[in-house]
Protein chains: 6
Amino acid sequence: MSLIQVINPNTSQAMTETIGRAARAVAAPGTEILAVSPSQGVPSIEGHFDEAIAAVGVLEQVRRGREQGASGHVIACFGDPGLLAAREIASGPVIGIAEAAMHTATLVATRFSIVTTLPRTLIIARHLLQQYGFTHHCAALHAIDLPVLALEDGSGLAQEKVRERCIQAKREDGSGAIVLGCGGMATLAQELTQELGLPVIDGVSAAVKMVESLIALGFGTSKHGDLAYPLQKTLTGAFQHLN
Amino acid sequence: MSLIQVINPNTSQAMTETIGRAARAVAAPGTEILAVSPSQGVPSIEGHFDEAIAAVGVLEQVRRGREQGASGHVIACFGDPGLLAAREIASGPVIGIAEAAMHTATLVATRFSIVTTLPRTLIIARHLLQQYGFTHHCAALHAIDLPVLALEDGSGLAQEKVRERCIQAKREDGSGAIVLGCGGMATLAQELTQELGLPVIDGVSAAVKMVESLIALGFGTSKHGDLAYPLQKTLTGAFQHLN
Amino acid sequence: MSLIQVINPNTSQAMTETIGRAARAVAAPGTEILAVSPSQGVPSIEGHFDEAIAAVGVLEQVRRGREQGASGHVIACFGDPGLLAAREIASGPVIGIAEAAMHTATLVATRFSIVTTLPRTLIIARHLLQQYGFTHHCAALHAIDLPVLALEDGSGLAQEKVRERCIQAKREDGSGAIVLGCGGMATLAQELTQELGLPVIDGVSAAVKMVESLIALGFGTSKHGDLAYPLQKTLTGAFQHLN
Amino acid sequence: MSLIQVINPNTSQAMTETIGRAARAVAAPGTEILAVSPSQGVPSIEGHFDEAIAAVGVLEQVRRGREQGASGHVIACFGDPGLLAAREIASGPVIGIAEAAMHTATLVATRFSIVTTLPRTLIIARHLLQQYGFTHHCAALHAIDLPVLALEDGSGLAQEKVRERCIQAKREDGSGAIVLGCGGMATLAQELTQELGLPVIDGVSAAVKMVESLIALGFGTSKHGDLAYPLQKTLTGAFQHLN
Amino acid sequence: MSLIQVINPNTSQAMTETIGRAARAVAAPGTEILAVSPSQGVPSIEGHFDEAIAAVGVLEQVRRGREQGASGHVIACFGDPGLLAAREIASGPVIGIAEAAMHTATLVATRFSIVTTLPRTLIIARHLLQQYGFTHHCAALHAIDLPVLALEDGSGLAQEKVRERCIQAKREDGSGAIVLGCGGMATLAQELTQELGLPVIDGVSAAVKMVESLIALGFGTSKHGDLAYPLQKTLTGAFQHLN
Amino acid sequence: MSLIQVINPNTSQAMTETIGRAARAVAAPGTEILAVSPSQGVPSIEGHFDEAIAAVGVLEQVRRGREQGASGHVIACFGDPGLLAAREIASGPVIGIAEAAMHTATLVATRFSIVTTLPRTLIIARHLLQQYGFTHHCAALHAIDLPVLALEDGSGLAQEKVRERCIQAKREDGSGAIVLGCGGMATLAQELTQELGLPVIDGVSAAVKMVESLIALGFGTSKHGDLAYPLQKTLTGAFQHLN
């Protein structure tokens with residue numbers, strides 16, 4: 001039995017539930033999913049400022065997850081906020097959903113497209129593509145130009161825009177797969193995969209399988225080298241609980 | 001229950017068994033491993049010529065695997081021979097072990113080293129790093145300067161050389177993980193991971209988990225775009241059986 | 001007197017003749033062209049699977065070419081199938097036509113466009129651009145969306161589509177040269193160069209001149225390092241004749 | 001008269017003073033330097049975890065700096081923690097000292113070396129080189145293998161190690177300039193420049209001049225596009241003061 | 001008091017004055033601007049040939065500037081002709097305006113667009129982006145398709161075309177800043193910055209501030225390594241005055 | 001009968017003869033070699049300043065060569081000074097010897113080493129590798145640390161140093177070919193190729209064959225796009241003869 005902690009880095013409870021559902025839908029029999037979000041932070045993440053705040057929440061949750069016996073962690077925001085920092089404090093694997101979705105896309109197609117929320121988040125995806133090595137594997141990036149929380153407003157409008165952009169991406173980009181660029185889109189992937197006839201990849205489910213796989217292989221985050229535990233030092237003020 | 005076909009692209013039966021053992025060691029309860037090798041081809045793969053021959057054997061086996069109900073395929077040679085060709089004829093996922101090990105390494109460390117067999121195979125690893133996007137994630141490549149089949153001669157010499165090179169890589173490269181660059185090294189990974197205290201990654205086991213994950217996610221190889229099934233055409237001569 | 005073997009990697013006799021004609025049209029006085037194709041394989045090459053099959057045919061022919069006294073070899077399919085493998089078994093130079101055309105384009109223009117057959121082959125061109133170092137020298141890739149053998153159906157339709165795309169590429173891409181992305185387009189280059197007023201480059205003729213040049217310079221494929229002859233090993237089954 | 005806020009992202013008061021001194025030493029007559037550090041956070045920054053914590057402190061200070069009338073901001077830690085986030089909330093320019101030092105080095109030399117503190121921070125420098133576009137301009141990275149605060153222990157040992165590494169870098173790397181990879185090394189630059197006879201670049205002073213220059217040119221951070229002010233949302237808990 | 005020499009590499013007196021004005025508008029109180037142009041050469045620079053001629057004029061002027069006591073030098077043509085050569089003969093800093101504008105753009109925005117004169121100069125900008133490391137920071141390049149001297153014909157037509165292209169770039173490129181790709185556009189930057197509401201960057205003024213900054217930091221061009229003074233040798237003919 | 005102009009960009013008559021000999025040794029029966037050097041300029045080229053001066057001499061010679069009926073041009077200095085400028089004014093092909101040698105090396109080996117003269121010229125080779133796309137094809141760069149003209153001093157010392165470095169490069173770099181990084185080394189290539197048993201490539205002879213090949217293929221420099229003839233403008237002073 002292994003416990004995988006799926007961290008929604010924002011404080012939106014509805015999104016935490018969306019993400020948890022997506023994670024549980026693919027979890028192996030022996031996996032328990034613990035879907036959490038920080039008690040404090042930002043309600044949605046749409047830029048670098050939001051990410052910087054959310055990263056601290058991610059770290060708090062990883063720490064708590066370890067105390068609760070989590071074997072691995074998923075950071076369920078498409079910017080992978082705090083990923084390398086979380087790896088330093090984790091012993092098990094930590095996977096970001098952008099990372100998971102991008103890696104997965106390169107395994108089933110030669111090139112992929114990304115469909116995300118606001119245009120201002122595109123730069124975050126571009127930077128991740130470069131850091132992960134996939135700049136040349138991404139054929140195009142698209143933004144539906146709606147905020148993240150539009151995915152939780154119950155109207156279905158954002159979902160329909162995502163669908164339209166995926167159809168357009170399939171027709172125009174010459175890509176073999178589409179990556180959904182927001183944790184809040186997690187539950188759309190399966191249906192769109194069916195409708196469009198190509199892999200539409202949600203990072204939450206992909207990340208859960210990656211964490212399960214790493215655990216099964218006996219790998220946690222490497223503690224040799226630059227992802228070793230942080231050096232012991234005294235955090236002060238609002239960060240004391242991270243000591 | 002899903003059947004994963006693990007293809008040793010060379011004709012060495014001993015290596016097929018090594019690879020099969022490594023695959024079974026990590027397979028999930030619901031996974032059956034079918035370890036196979038081509039009936040004809042080369043006894044070991046140590047260069048581009050060997051790879052070109054082996055690729056045809058891989059394709060024959062993928063085709064046979066599909067007939068036998070395999071849900072996914074692993075190409076268990078570190079050069080990933082025939083990978084994109086195999087993806088064209090497969091409906092399920094196809095994963096190469098170099099690909100699997102390199103992807104895995106980037107998930108647990110910021111940079112990795114590779115330890116492989118003969119120096120002449122280094123260029124193959126370099127080309128794959130570039131194609132997969134991981135050139136900047138690889139800190140160093142090492143060759144033990146022994147042929148592939150030395151790993152099957154029973155003397156343990158090659159295994160000891162691998163171990164020494166891994167120790168050297170840990171000390172000198174500043175890497176957080178080591179990738180074993182040959183399917184024949186598959187069974188060394190676990191022990192070296194223990195001894196060295198960092199992830200020493202075998203691509204066979206990593207690839208099995210990737211195939212399982214993709215199947216669980218509902219993804220096969222994308223049939224939209226450039227990995228669609230090959231256009232119908234009549235193969236002649238020794239290739240007729242691939243029609 | 002030197003004999004240059006021009007290998008059409010597919011089994012289409014009509015295309016072998018097209019290619020042979022293009023080769024002879026530029027061959028130096030002292031050069032004899034031997035245009036060949038594999039006795040078995042695929043009738044046209046439009047993807048990775050076709051390429052993998054064709055590569056074996058290329059290797060058989062290179063081997064035969066050496067026995068017939070060929071001083072150098074051209075691989076006359078735009079994906080350069082089996083190029084590095086062929087270099088391992090050849091002593092003389094081996095040049096692929098994609099390679100030849102791309103190199104040539106960078107010598108007469110700062111950036112070039114590619115016009116090829118089916119969209120599914122674009123990824124092969126992209127990978128070659130990356131491998132050869134010319135990603136940033138290629139301004140755009142175009143596909144006429146007709147199969148390779150349409151170039152041999154006598155209707156002239158494919159030829160007209162190639163011409164239209166070249167005109168479009170000249171107008172829109174800001175390129176100084178156009179590379180024709182298929183051996184079957186070889187005989188179009190001269191006329192299009194005249195009509196369009198910029199270099200329209202066929203790889204077959206370019207490759208012949210490269211092989212001639214390397215021979216004149218006294219260079220074969222380097223046998224020091226990773227292109228040395230394959231290690232001696234016993235090929236089995238349908239590959240026995242390659243021993 | 002313009003006020004430039006120089007933010008030491010860690011809580012070490014001694015280092016804030018070192019940094020403030022370096023900033024004032026180069027400030028133009030019309031520039032006032034406000035050297036600050038977060039009231040809470042980490043005493044030194046030597047990894048991704050430390051950076052994530054420090055980034056929040058940087059954001060708090062940038063916000064405070066704006067209230068105090070600062071025209072621009074310097075982030076005085078070599079990892080440039082929170083740089084893009086800070087740019088979102090700032091109207092004036094925000095410059096990181098790694099960024100400043102690297103840019104400066106490319107203006108006075110064709111390639112440069114970096115000398116930093118602990119080996120585990122090298123990956124941060126590597127990532128910044130890639131993000132800023134300078135991977136190919138950096139000839140080598142060196143770590144003195146002492147923690148950041150060793151620079152403030154009064155023994156001079158760390159300073160001597162920095163000096164030795166700079167001498168070694170000059171002799172071995174073929175670089176024309178050396179970048180000091182820690183805010184705590186700021187006051188060493190001038191002396192080492194004299195002794196070594198090549199530019200030894202401290203990012204604090206370089207960043208101050210960059211901020212001054214941008215202000216003089218009339219440029220703040222672009223508010224068009226992805227560095228626009230963060231979308232209005234309600235931060236909760238320990239982050240409320242950032243609302 | 002420091003003297004900064006601003007070199008217009010072409011012989012157009014009107015453009016020298018435009019450039020001088022732009023330089024003086026941002027010069028610090030203690031800076032004197034000496035705007036010069038070669039006594040012989042080309043009246044405008046719109047290609048590699050023009051640049052090669054202009055580079056010699058730049059070198060003559062840098063030499064003269066040193067004799068006149070200049071502390072630093074600006075090369076005020078967007079191709080930065082003769083930049084590295086000028087650095088070899090200078091002791092102070094030498095900054096090209098393309099370099100200055102591109103660096104500046106990356107400090108205030110994540111990606112930028114370029115608006116230049118003739119399409120044939122775009123390749124020069126592309127090569128500089130690659131050499132400086134900013135290929136991935138440039139979202140798009142635009143040419144107004146008018147020659148350089150149209151900026152000096154008094155009609156205002158070229159200026160209006162620049163403005164239109166900047167507006168288009170803002171709307172379509174997703175860039176946060178625009179770089180003006182010609183010294184003759186220097187005086188447009190401030191007004192366009194106001195009108196468009198994003199940084200429109202002129203390299204002349206940016207370069208002046210960079211030279212001032214480097215001087216204030218105590219840095220000239222590194223004389224250690226490959227930018228050391230040219231080896232003593234006897235220039236002949238029209239180049240004797242450069243001895 | 002075609003006339004190929006081989007331009008030694010420096011004014012050393014001895015080197016012009018060395019280069020002319022190397023060119024004639026490989027010229028086809030129908031090729032006449034015209035080895036020239038500028039009447040004025042620098043006696044050797046060992047840096048960017050020397051290159052900038054030499055580029056003007058190259059342009060003068062290309063112009064003269066066209067008047068003398070040259071069908072193509074070789075720029076016989078390893079920095080390829082004035083290459084793109086020369087292409088603008090030429091109608092036939094123009095090939096630099098660095099370009100020629102690097103392209104050739106990639107056709108006979110997967111990676112190559114460079115052996116050149118002074119360390120300060122290494123940066124020029126690095127920049128060319130990047131511009132031509134071959135950064136990843138070059139395994140190592142070596143400098144013998146002797147000036148260019150040491151190759152013409154009759155002592156044979158420089159030649160012996162070149163030989164030693166080639167032997168070292170063969171042993172240590174894992175390269176399959178070596179590129180000689182100076183026109184003055186042209187006549188060493190054949191002997192070293194014999195002695196070392198791998199291709200040691202001189203750019204002069206390689207460039208002659210490339211020019212011959214391009215002429216045979218009917219290609220000159222593309223006059224469509226950015227290598228079109230320079231715009232008509234009046235050059236003044238010492239450059240009047242280039243009008």
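Letters go in sequence order (proteins before strands), and every chain restarts at 1. A quick note: this is a predicted structure, and the numbers were derived from the prediction, not measured.
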For this session: Carefully, step by step, assess B/T16 and B/N8 under the rule side-chain hydrogen bond (donor to acceptor under 3.5 Å, both in side chains).
Result: CA-CA 6 Å; B/T16 308; B/N8 170 18; 2.9 Å; yes
For this session: Answer whether the closest heavy-atom distance between the side chains of B/L188 and B/L180 falls below 4.5 Å.
Result: yes
Problem set entry | Minimum side-chain heavy-atom gap B/F78-B/V204 below 4.5 Å | no
Exercise. Chain B heavy atoms under 4.5 Å from C/E46: which part of the residue, side chain, backbone, both or neither?
Worked result: both
Exercise. Given that the side chain runs from C-beta out, which part of C/S39 has a heavy atom under 4.5 Å from chain B: side chain, backbone, both or neither?
Worked result: backbone
For this session: Measure B/I89 against the heavy atoms of chain C and call it side chain, backbone, both or neither at under 4.5 Å.
Result: side chain
For [X] and [Y], work out which heavy atoms get closest and say how close.
X: C/A54; Y: C/P9; answer: CB-O, 3.6 Å
X: B/I19; Y: B/G183; answer: CG1-O, 3.7 Å
X: C/A35; Y: C/G20; answer: CB-CA, 3.7 Å
X: C/A169; Y: C/I178; answer: CB-CD1, 4.1 Å
X: C/L84; Y: B/H127; answer: CD1-CE1, 3.7 Å
X: B/R111; Y: B/D173; answer: NH2-O, 4.2 Å

Please round to the nearest 0.5 Å and tell me the distance separating atom [atom1] of [X] and atom [atom2] of [Y].
X: B/I45; Y: B/C182; atom1: CD1; atom2: SG; result: 9.0 Å
X: B/L242; Y: B/T236; atom1: CG; atom2: OG1; result: 11.0 Å
X: C/C166; Y: C/K161; atom1: SG; atom2: NZ; result: 13.5 Å
X: C/Q159; Y: C/T187; atom1: CD; atom2: OG1; result: 7.0 Å
X: B/M185; Y: B/I97; atom1: CE; atom2: CD1; result: 10.0 Å
X: C/C77; Y: C/E51; atom1: SG; atom2: CD; result: 5.5 Å

Problem set entry | Greatest number of heavy atom pairs closer than 4.5 Å to chain B - which of C/G237, C/G41, C/A52 | C/G41
So which bits of [range] come within less than 4.5 Å of chain B, counting non-hydrogen atoms only?
range: residues 131-152 of chain C; value: C/Q131
range: residues 58-74 of chain C; value: C/L59
range: residues 225-234 of chain C; value: C/D226, C/L227, C/A228, C/Y229, C/P230, C/L231, C/K233, C/T234

Seminar exercise, completed: Given B/V56, B/V42, B/I53, the one with more heavy-atom pairs under 4.5 angstrom with chain C than any other is B/I53
For this session: Report the C-alpha separation of C/V36 and C/V6 in whole Å, then their side-chain angles, then the decisive distance to 0.1 Å, and conclude whether the side-chain contact (heavy atoms from CB on, under 4.5 Å) test is met.
Result: CA-CA 6 Å; C/V36 301; C/V6 179; over 6 Å; no
Exercise. Listed by residue number, which members of residues 115-123 of chain B have a heavy atom under 4.5 Å from any heavy atom of chain C?
Worked result: B/L118, B/R120, B/I123
For this session: Decide side-chain hydrogen bond (donor to acceptor under 3.5 Å, both in side chains) for C/N10 and C/S44; before the verdict, give the C-alpha distance in whole Å, the side-chain angles of both, and the deciding distance to 0.1 Å.
Result: CA-CA 5 Å; C/N10 73 39; C/S44 65; 5.9 Å; no
For this session: Keeping the roles fixed (side chain from C/T110, backbone from C/T106), state whether a donor-acceptor pair exists under 3.5 Å.
Result: no
Exercise. Should C/I75 and C/E99 be marked as a side-chain contact (heavy atoms from CB on, under 4.5 Å) after you check the CA-CA gap, both sets of side-chain angles, and the distance that decides it?
Worked result: CA-CA 10 Å; C/I75 301 178; C/E99 172 180 63; over 6 Å; no
